[in-house]
Number of protein chains: 2
Amino acid sequence: MKPKGFVRRTRQREAILAVLKGTKCHPTADWVYQEVRKEMPHVSLGTIYRNLRTLSEHGEIQELAFGSAHSRFDANPDNHYHFICEECGTIEDLEMPALAELGKEALKLPGYEVRGHRLEFHGICPHCSHHRSDDYAN
Amino acid sequence: MKPKGFVRRTRQREAILAVLKGTKCHPTADWVYQEVRKEMPHVSLGTIYRNLRTLSEHGEIQELAFGSAHSRFDANPDNHYHFICEECGTIEDLEMPALAELGKEALKLPGYEVRGHRLEFHGICPHCSHHRSDDYAN
DNA sequence: GAATAAATGAGTAGAATTATCAATAATGGA
DNA sequence: TCCATTATTGATAATTCTACTCATTTATTC
Ligand SMILES: [Mn+2]
Ligand SMILES: [Mn+2]
Ligand SMILES: [Zn+2]
Ligand SMILES: [Zn+2]
């Protein structure tokens, strides 16, 4: 029987994945669009966005973004680390002290001038974890 | 004598900074806008964006964003770290192995389910570093 | 108080991303 | 091979976030 909600294999999706696998440049959606268009001139930009999301939801690629795309601001200008909830998007400070060794580790790269680093953890916050167990109780 | 290019102290900027200092929630520009409006109903959204940028350029606050706002995509779904150039925005993979201890460190937080972490270094890439010394040569 | 120019408010513009929906095409079964 | 189903597409409109414009206001120094 035909499963409901399965993922189809389309020429467009294959092309997008191939383009992404063929570069090391961590491209934007639009860059991928321009590349795919060379082989498939009628492809739609919406298709690119849709597939990039689908692919990353299925763990075939990853999206590098800060949570929900738009900027967040922090009154504390000193480097510190954050926990971001995948469910509700809240961002919380971690008490963990900034790791000086991390900077030194990366300084080994010849020619690179490392000025700082950012570390963030993601997962489920206690609040959302609660809600989830409520759901299972139904 | 009046210096040129100095930063003025305005009611709006003070209010924005006060709002930001008064929360731990890492708000968006719009959230700050709604808050400031309660005390200052005629404040403009443009003023909020302008000041948030000014304040972070002067190191009084920090902006949490992924480089140039829009998403980048990566064909490699496994966790690995990146170097981001502040000048040209290029993102490069680091050979550094993912640090397992980091996850364990954060797992100490009770109630949090840590699923992963992201680490990125920022600074100046060799290419831009070159250009910069060219500039000084003039 | 007057001169200066930084900053504001109101509106417009742009860029990135998402939503809509009729048409298309991938899939598994007959 | 043909069919029914429905995930996916292409084209376009709509949103959303952020930057820009410019006349007016206002903080700052003298
Ligand atoms: Mn913080
Ligand atoms: Mn990468
Ligand atoms: Zn949560
Ligand atoms: Zn660079």
Side-chain angles (χ1 to χ4, degrees), chain A residues 1-20 26-58 60-74 89 91, chain B residues 1-20 26-58 60-74 89 91:
Chain A
M1 168 192 138
K2 196 188 300 184
K4 204 162 186 173
F6 66 107
V7 177
R8 284 180 187 171
R9 167 167 211 177
T10 65
R11 296 192 315 116
Q12 290 86 344
R13 190 166 354 231
E14 299 285 303
I16 289 164
L17 194 52
V19 162
L20 206 53
H26 303 85
T28 62
D30 196 68
W31 190 93
V32 174
Y33 177 48
Q34 302 304 336
E35 286 300 305
V36 172
R37 267 220 294 196
K38 290 176 183 170
E39 297 298 317
M40 209 177 279
H42 285 284
V43 74
S44 161
L45 182 55
T47 297
I48 306 296
Y49 275 103
R50 231 180 287 129
N51 279 293
L52 287 172
R53 186 163 33 155
T54 304
L55 287 166
S56 79
E57 278 171 0
H58 286 120
E60 295 198 61
I61 66 172
Q62 66 174 305
E63 180 175 357
L64 302 176
F66 185 76
S68 64
H70 51 279
S71 282
R72 301 299 202 97
F73 296 89
D74 191 329
I91 302 173
Chain B
M1 166 193 138
K2 196 187 303 188
K4 203 163 186 173
F6 66 109
V7 177
R8 284 180 186 171
R9 169 173 201 153
T10 65
R11 294 191 318 115
Q12 290 86 344
R13 185 166 312 166
E14 299 285 303
I16 289 164
L17 194 52
V19 161
L20 207 53
H26 303 85
T28 62
D30 196 67
W31 189 94
V32 174
Y33 177 48
Q34 301 305 337
E35 286 300 305
V36 172
R37 266 218 297 193
K38 289 176 184 171
E39 297 298 318
M40 209 178 275
H42 285 284
V43 74
S44 161
L45 183 56
T47 298
I48 306 295
Y49 275 103
R50 228 181 289 128
N51 279 293
L52 288 172
R53 186 167 32 157
T54 304
L55 287 167
S56 80
E57 279 172 358
H58 289 221
E60 295 198 63
I61 66 172
Q62 68 173 304
E63 181 176 356
L64 302 177
F66 186 76
S68 65
H70 50 278
S71 283
R72 301 299 201 96
F73 296 89
D74 190 331
I91 302 174

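Order of the sequence lines fixes the chain letters, A, B, ..., with proteins taken first and strands second; residue numbering starts at 1 for each chain. Values reported hereafter were calculated over all heavy atoms of this structure, with side chains retained and with hydrogens, waters and symmetry mates removed.
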remark   = Glu63(B) meets the side-chain hydrogen bond (donor to acceptor under 3.5 Å, both in side chains) criterion, sequence neighbours left out, with Ser71(A)

remark   = The bend of the helix from dG1(C)-dC30(D) to dA30(C)-dT1(D), taken between the axes of its five terminal pairs at each end and rounded to 10°, is 50°

Check: Arg72(B) side chain, His26(A) main-chain N or O, donor-acceptor pair, under 3.5 Å = yes

query = When you measure from the side chain of Phe6(B), which nucleotide among dA6(C), dT17(C), dA19(C) comes out closest?
reply = dA6(C)

ask   = If you look at every strand shown and take non-hydrogen atoms under 4.0 Å, does Asp30(A) touch a base, only sugar-phosphate, or nothing?
value = nothing

query = Do the non-hydrogen side-chain atoms of Ile61(A) and Asp74(B) ever get within less than 4.5 Å of each other?
reply = no

inquiry  = For Arg13(A), give me all partners under side-chain contact (heavy atoms from CB on, under 4.5 Å), at least two apart in sequence or on another chain.
reply    = Val7(A), Thr10(A), Asn51(A), Thr54(A), Leu55(A)

request  = Output every pair passing salt bridge (charged side-chain N to carboxylate O under 4.0 Å, His left out) with a member in residues 45-58 of chain B, not counting sequence neighbours, ordered by first then second residue.
outcome  = none

message = Between Gln12(A) and dA26(C), is there a contact of a side-chain N or O with OP1 or OP2 at under 4.0 Å?
response = no

request  = Would you kindly give the CZ-to-P distance between Arg11(B) and dT8(C), to the nearest whole Å?
outcome  = 10 Å

message = Is any side-chain heavy atom of Val32(B) closer than 4.5 Å to one of Leu20(B)?
response = yes

query = Residues in salt bridge (Lys or Arg N to Asp or Glu O under 4.0 Å) with Glu14(B), at least two apart?
reply = Arg9(B)

remark   = Whole-Å distance, Arg13(A) CZ to dT9(D) C1', equals 11 Å

message = If the condition is side-chain contact (heavy atoms from CB on, under 4.5 Å), which residues does Tyr33(B) pass it with, not counting sequence neighbours?
response = Asp30(B), Arg37(B), Val43(B), Leu45(B), Ile48(B)

query = Between dT12(D) atom P and Tyr33(A) atom OH, what is the distance in whole Å?
reply = 11 Å

ask   = What residues, two or more places apart in sequence or in another chain, satisfy side-chain hydrogen bond (donor to acceptor under 3.5 Å, both in side chains) together with Gln62(B)?
value = none

message = I'd like to check the side-chain hydrogen bond (donor to acceptor under 3.5 Å, both in side chains) partners of Gln12(B); sequence neighbours left out, ordered by chain and number.
response = none

ask   = Distance check: side-chain N/O of Thr10(B) vs OP1/OP2 of dT8(C), anything under 4.0 Å?
value = yes

Selection: residues 41-50 of chain B, any non-hydrogen atom under 4.0 Å of DNA chain C = His42(B), Val43(B), Ser44(B), Thr47(B), Arg50(B)

key: Over 12 non-hydrogen atoms of neighbours within 6.0 angstrom of CD in Gln34(B)   = yes

Short N/O separations, protein against nucleotides 22-25 of chain C, under 3.5 angstrom:
none

